[in-house]
Amino acid sequence: MAKIITKRRLNPTVTLMEVSAPLIAKKALPGQFIILRVDEKGERIPLTIADYDREKGTITIIFQKVGLTTELLDTLEEGDDILDFVGPLGRPTELEGVKKVAVIGGGVGCAIAYPQAKYLHEHGVAVDVIAGFRSKDIVILEEEFQAACDHLYLTTDDGSYGEKGLVTDKLKALIEAGNQYDVVIAIGPIIMMKFVCKTTEPYGIKTLVSLNPIMIDGTGMCGGCRVSVGGQMKFACVDGPDFDGHQVDFDELMARNAAYKEREAQVRRDHACRLLNQEVQ
Ligand code: FAD
Ligand code: FES
Ligand code: MG
């Protein structure tokens, strides 16, 4: 059991929870994740360790409500317990020996990119962050990123905040302006990561992406999270979730992640109907 210490809504669909998990907080590093189960009937879902406080013994998770489990998680309040909370899982991001880095987050992917930016900034690395959102009303973590980088560039698709345009436009402009990045770290929608990799490839800039295939056990046993990297099969939960983006088969990942879309939508609709019926009775 892990107690929710604080709960904060970051935008209409994204919630931050600080959770008491001293053993995980002791070991956690940027790039790692936890797997949780809300209650005894619940499925297991992976969420990135967005932050950790070793002294307080807490882990921060930031999640977007996209389906049944994230909606159920969002019904929990401060003082409530999450039944299972397991981690830290996955390999930490390899961040040694770099001097200048661009960290790119797309939407809720910013929550996953934040710990890398913070860690690098704390360790004296020059960090430029490009955070992209659809529009102003869903911008998250602006203040946190300001404190965790040298330059923060905010972009929105519709121009309602920051610069109008895509993160890839901004990245290309920064590279063309002479910024020499040792590594680009890109985390967000699969399509965004794919196009960041296409942007950096001609310049030969190493690009790390954090992959988000469907995970079940998180220990390399079930094979659910398999991805193709450099023509080889890898399990994102134990070999990743970070990989060399120039080697990733993004189209296969997109197809595999969409495999249960209809079923996921059905389960969400059924649950909403059950809640509605309970209210009527
Ligand atoms: P559903 O309706 O069941 O599914 C919606 C979509 O979520 C699916 O189409 C699929 O793409 C994805 N998904 C569903 N089940 C799983 C699963 N078991 N494993 C992985 N993806 C799944 N999201 C965040 O909002 N914040 C995070 O910090 C975050 N970190 C992640 C870290 C890793 C390593 C991975 C693999 C995924 C991460 N995700 C994160 C995605 C998150 O796990 C899914 O959004 C969540 O599982 C959706 O569950 P659901 O029941 O609410 O939605
Ligand atoms: Fe089962 Fe990775 S989630 S092997
Ligand atoms: Mg689900």
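The shown structure was predicted, so the numbers you read here are calculated from the model rather than taken from an experiment. Indexing begins at 1, ligand by ligand and atom by atom, following the structure's order.
- Looking at I216 against ligand 1, nothing comes within 4.0 Å, counting heavy atoms.
- Atom 2 (Fe) of ligand 2 has no N, O or S atom of C222 under 2.8 Å away, backbone or side chain.
- Proximity of a side-chain donor or acceptor of D74 to a complementary backbone N or O of T70 within less than 3.5 Å is not detected.
- Without hydrogens or angle criteria, R54 side chain to A25 main chain gives a donor-acceptor distance under 3.5 Å.
- In this structure, K170 contributes its side chain and G165 its backbone to no donor-acceptor pair below 3.5 Å.
- By the 3.5 Å distance cut-off applied to N or O atoms, M215 is counted among the residues near ligand 1.
- Remark: side-chain polar atoms of R91 are not paired, donor with acceptor, to backbone N or O of G240 under 3.5 angstrom.
- At distances below 3.5 Å, at least one donor-acceptor pair connects side-chain atoms of N179 with backbone N or O atoms of L174.
- The residue from G42, G67, A258 that puts a heavy atom closest to atom 53 (O) of ligand 1 is G67.
- Contact atoms of ligand 1 toward I45: 47 (O), 49 (O) (distance under 4.0 Å to a heavy atom of the residue).
- Applying the side chain to side chain contact (heavy atoms under 4.5 Å, CB included) test between L47 and each of L73, I62, I35 identifies L73 as the sole match.
- Protein N/O/S atoms found under 2.8 Å from the Mg ion (ligand 3), listed by chain and residue number: E43 OE2.
- If you number the atoms of ligand 1 from 1 as listed, the ones under 4.0 Å from a heavy atom of F63 come out as 24 (C), 25 (O), 26 (N).
- The closest protein non-hydrogen atom to atom 14 (C) of ligand 1 is E264 OE2, 4.0 Å.
- Using a distance-only test at 3.5 Å, with no hydrogens or angles considered, no donor-acceptor pair links the side chain of D84 to the main chain of L36.
- Considering only non-hydrogen protein atoms, atom 27 (C) of ligand 1 sits nearest to I62 O, 3.5 Å.
- Of all protein heavy atoms, the one closest to atom 21 (N) of ligand 1 is I214 CA, 3.8 Å.
- Of the candidates K3, R8, K56, K7, K56 is the only one forming a salt bridge (Lys or Arg N to Asp or Glu O under 4.0 Å) with E18.
- Atom 44 (C) of ligand 1 is never approached by the protein to below 4.0 angstrom, counting heavy atoms only.
- Among all heavy-atom pairs drawn from I205 and H246, the shortest one is O-CE1, 3.0 Å.
- Taking atom 23 (N) of ligand 1 as the reference point, the nearest protein heavy-atom neighbour is L47 CD2, 3.7 Å.
- A side-chain donor-acceptor contact under 3.5 Å links N257 to the backbone of N212.
- Without hydrogens or angle criteria, D182 side chain to K100 main chain gives a donor-acceptor distance under 3.5 Å.
- Residue-environment remark: OH (Y260) stays at or below the threshold of 12 foreign heavy atoms within 6.0 Å.
- Shown here for L152 and A131, the closest heavy-atom pair between the two residues is CD1-CB, 4.3 Å.
- With ligand atoms numbered from 1 in the order given, ligand 2 contributes 1 (Fe), 3 (S) to contacts under 4.0 Å with heavy atoms of G218.
- The nearest N, O or S atom of C237 is not closer to atom 1 (Fe) of ligand 2 than 2.8 Å.
- The G220 neighbourhood of ligand 2 comprises atoms 4 (S), with distances under 4.0 Å to a heavy atom of that residue.
- Remark: side-chain polar atoms of R256 are not paired, donor with acceptor, to backbone N or O of I214 under 3.5 angstrom.
- Heavy-atom proximity to C225, at under 4.0 Å, picks out these atoms of ligand 2: 2 (Fe), 3 (S), 4 (S).
- Proximity of a side-chain donor or acceptor of H121 to a complementary backbone N or O of A117 within less than 3.5 Å is not detected.
- Numbered from 1 in the order shown, with element, the atoms of ligand 2 that lie under 4.0 Å from a heavy atom of M221 read 4 (S).
- Atoms of ligand 2 lying under 4.0 Å from any heavy atom of I216, numbered from 1 in the order shown and given with element: 3 (S).
- Using 4.0 Å as the threshold, P213 has a heavy atom nearer than that to some atom of ligand 1.
- In this structure, the protein non-hydrogen atom closest to atom 52 (O) of ligand 1 is T70 OG1, 2.5 Å.
- Within a 4.0 Å radius of atom 31 (C) of ligand 1, the protein contributes one or more non-hydrogen atoms.
- Residue R44 approaches ligand 1 through these ligand atoms, each under 4.0 Å from one of its heavy atoms: 18 (N).
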**Request:** List the steps, then state whether side chain to side chain donor-acceptor pair (under 3.5 Å) holds for E142 with Y161.
**Result:** CA-CA 12 Å; E142 184 177 358; Y161 198 55; 3.0 Å; yes
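- Counting only N and O atoms by type, the side chains of T207 and T200 include a donor and acceptor under 3.5 Å apart.
- Ranking protein heavy atoms by distance to atom 25 (O) of ligand 1, first place goes to Q64 N, 2.9 Å.
- Within a 6.0 Å sphere centred on CD of E122, other residues, nucleotides and ligands contribute more than 12 heavy atoms.
- Neither the backbone nor the side chain of E71 comes within contact range of ligand 1; no heavy atom lies under 4.0 Å.
- Ranking protein heavy atoms by distance to atom 35 (C) of ligand 1, first place goes to P46 CG, 3.6 Å.
- No side-chain heavy atom of K194 sits less than 4.5 Å from a side-chain heavy atom of V209.
- Within the structure, the closest approach of E43 to ligand 1 falls below 4.0 Å when heavy atoms are considered.
- For ligand 2, the atoms lying closer than 4.0 Å to a non-hydrogen atom of G223 are 1 (Fe), 4 (S).
- Counting protein heavy atoms only, atom 7 (O) of ligand 1 is closest to V66 CG2, 4.3 Å.
- The nearest N/O/S atom of D217 to atom 1 (Fe) of ligand 2 is OD1.
- Q266 and R263 form no side-chain donor-acceptor contact under 3.5 Å, judged by distance and modelled atom types alone.
- Considering backbone and side-chain atoms together, T69 places an N or O closer than 3.5 Å to an N or O of ligand 1.
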